[in-house]
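Below is one structure; the comments refer to it alone.
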Amino acid sequence: MSQRRALVTGGAGFLGSHLCDALLAEGYQVVAAVNLLTGSLENVAHLRNDARFEFAERDICEPAEWGALDYVFHFASPASPVDYVKYGIETLRVGSTGTFAALETARRCGAKFMMASTSECYGDPLVHPQPESYWGNVNPIGPRSVYDEAKRFSEAVTAAYRRHHRVNTRIVRIFNTYGPRMQLRDGRVIPNFMWQALRGEDLTVYGDGSQTRSFCYVSDEIDGIVRLAKSDEHDPVNVGNPEEFTVLECARKVIAVTGSRSKIKFEALPQDDPKQRKPDITKARRLLGWEPKVDLDNGLRLSLEYFRKAALAGSAA
Ligand SMILES: NC(=O)c1ccc[n+]([C@@H]2O[C@H](COP(=O)([O-])OP(=O)(O)OC[C@H]3O[C@@H](n4cnc5c(N)ncnc54)[C@H](O)[C@@H]3O)[C@@H](O)[C@H]2O)c1
């Protein structure tokens, strides 16, 4: 039997690069298609000499021939608030034209398809924790809408390709994930705190820090994604860690794990900052036999060396 081949759009990004590693370990040949708007070539540097790995630098919104494929994983999109606010139009484009292009590729090849969706589909949720059946509370024109609505649209297109073209689709709703290969200064809670703590700067907490977040370590997230890819579930599935922390608690944990002498400073809440976010993972537990294994203290410890090196490199830059 010939080797299975997967296309990973956004395959040099934070999650995309970890997914490439996991697919190679599963025996796939992998093509990573990336435009390097965000993420970094460094994330896949360790795969440079792996003959089963191919890197294609291109905008996935443009038509392309990829050869035979068994799976298309559509992970391309700016993902951090700093990136998607800066690249608002690009975010809307990759979440619309890019999603159509990735689905067309899957349809032509008869490949399975997975779309990387997000907890942002729930917006500032009125239901807590959020089950997949909750339709969300999203401001359609606010600063975050370029991302939230692009992802909601992508889910709609994915569901429509399944209905109309019988493409074999999966939708993963990814909740806040952290770990090695994250961009350090991308506005997300953990890299922000790590950057500040490792430089001895005060950690910036927005509002009074009582807003809650849940953080999933990257190995757990990728395990859930791979299990969903192998399953027959076509409706969205939440994959995230339901352990909930206030942003203030998280800041204190980062200070403890880094051994930093930094203090905490408070600034005004940005517009549309969600007050609570926590996945209901009943479905992932039941369908995939999945649940996270790495708690926040361990995950921070496992990430520390990466963040320390990145902070050093960033300080030198
Ligand atoms: N990291 C998280 O916590 C998280 C949470 C929810 C959802 N997600 C989703 O997971 C996916 C990956 O996120 P990430 O954290 O790895 O982001 P990332 O920014 O690290 O990687 C995204 C990659 O996509 C590429 N890209 C963007 N537009 C492109 C285009 N038009 N053509 C080709 N490549 C393009 C970027 O250059 C980058 O390499 C995204 O779809 C994101 O929305 C991530």
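Order of appearance sets the numbers: ligands from 1, and atoms from 1 within every ligand.
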Nitrogen or oxygen of F14 less than 3.5 angstrom from that of ligand 1: yes
Within the 4.0 Å heavy-atom shell around V94, which atoms of ligand 1 are there? 28 (N), 29 (C), 30 (C), 31 (N)
Are L228 and I222 connected in a single hydrophobic cluster, I mean Ile/Leu/Val/Met/Phe/Trp/Tyr linked by side-chain heavy atoms less than 4.5 Å apart? yes
Strictly below 4.0 Å, N to O, side chains only: are R277 and D124 in salt-bridge contact? no
Are any of the heavy atoms in D59 under 4.0 Å away from ligand 1? yes
Atom 11 (C) of ligand 1: the protein heavy-atom neighbour that sits closest, reported with distance to 0.1 Å: F75 O, 3.2 Å
Ignoring hydrogens, what is the shortest heavy-atom contact between F55 and L41? Give both atom names and the distance. CZ-CD2, 3.4 Å
Going by the order shown, which atoms of ligand 1 are within less than 4.0 Å of some heavy atom of R58? 32 (N), 33 (C)
Measuring from non-hydrogen atoms of Y147 to any atom of ligand 1, is the shortest distance under 4.0 Å? yes
of all protein heavy atoms, closest to atom 36 (C) of ligand 1 is T38 OG1, 3.2 Å
Suppose we measure from atom 23 (C) of ligand 1 to each protein heavy atom; which comes out shortest, and what is that distance? G10 CA, 3.7 Å
Given I225, N35, V8, V172, identify the one with the heavy atom nearest to atom 29 (C) of ligand 1. N35
With only distance considered, is P78 within less than 3.5 Å of ligand 1 through an N or O on each side? no
Is it true that R252 and E249 have a side-chain N and a carboxylate O under 4.0 angstrom from each other? no
Does S117 come within less than 4.0 Å of ligand 1, judged by its heavy atoms? yes
Subset of ligand 1 atoms that lie under 4.0 Å from at least one heavy atom of L37: 37 (O)
Could you list which atoms of ligand 1 come closer than 4.0 Å to a heavy atom of L36? 37 (O)
What is the closest protein heavy atom to atom 16 (O) of ligand 1, and at what distance does it sit? L15 N, 2.7 Å
Taking only heavy atoms of K151, which atoms of ligand 1 are found under 4.0 Å from at least one of them? 40 (C), 41 (O), 42 (C), 43 (O)
Heavy atoms from other residues, nucleotides or ligands near CZ of R286 exceed 12 (cutoff 6.0 Å): yes
Protein contact of atom 13 (O) of ligand 1 - nearest heavy atom, named by residue and atom, plus distance: A79 CB, 3.5 Å
Decide whether an N or O pair under 3.5 Å exists between T177 and ligand 1. yes
Over all heavy atoms of both residues, which pair between A33 and L7 is shortest? Give the atoms and the distance, please. CB-CD1, 3.9 Å
Considering only non-hydrogen protein atoms, determine which one is nearest to atom 15 (O) of ligand 1 and report residue, atom name and distance to 0.1 Å. R188 NH2, 3.4 Å
So if I count the atoms of ligand 1 from 1 in the order they appear, which ones are less than 4.0 Å from some heavy atom of N176? 3 (O)
For ligand 1, which is the ligand I care about here, please tell me if A12 has any N or O atom under 3.5 Å from one of the ligand's N or O atoms. no
Do F113 and Y71 have ring centres separated by under 6.0 Å? no
Report yes or no: does R181 have a heavy atom closer than 4.0 Å to ligand 1? no
Do NZ/NE/NH1/NH2 and the carboxylate oxygens of E305 and K309 come within less than 4.0 Å? yes
Is R188 salt-bridged to D83, going by a charged N under 4.0 Å from an acidic O? no
At their closest point, which heavy atom of K278 faces which heavy atom of S214, and how far apart are they? CA-OG, 3.9 Å
Could you pull out, from G98, S77, G16, A101, the option with a heavy atom nearest to atom 22 (C) of ligand 1? S77
Give a yes or no on whether a salt bridge exists between E120 and R144, defined as a side-chain N under 4.0 angstrom from a carboxylate O. yes
Write out the residue and atom name of the closest protein heavy atom to atom 21 (O) of ligand 1, then the distance separating them to 0.1 Å. G13 CA, 3.2 Å
Shortest protein heavy-atom distance from atom 4 (C) of ligand 1, along with the residue and atom involved: I174 CG2, 3.8 Å
Does the pair E42/R181 count as a salt bridge with the N-to-O cut at 4.0 Å? no
Nearest-0.5 Å distance, OG of residue S117 to CZ of residue F75: 10.5 Å
Is it true that R227 and D223 make a salt bridge, defined as a side-chain N closer than 4.0 Å to a carboxylate O? yes
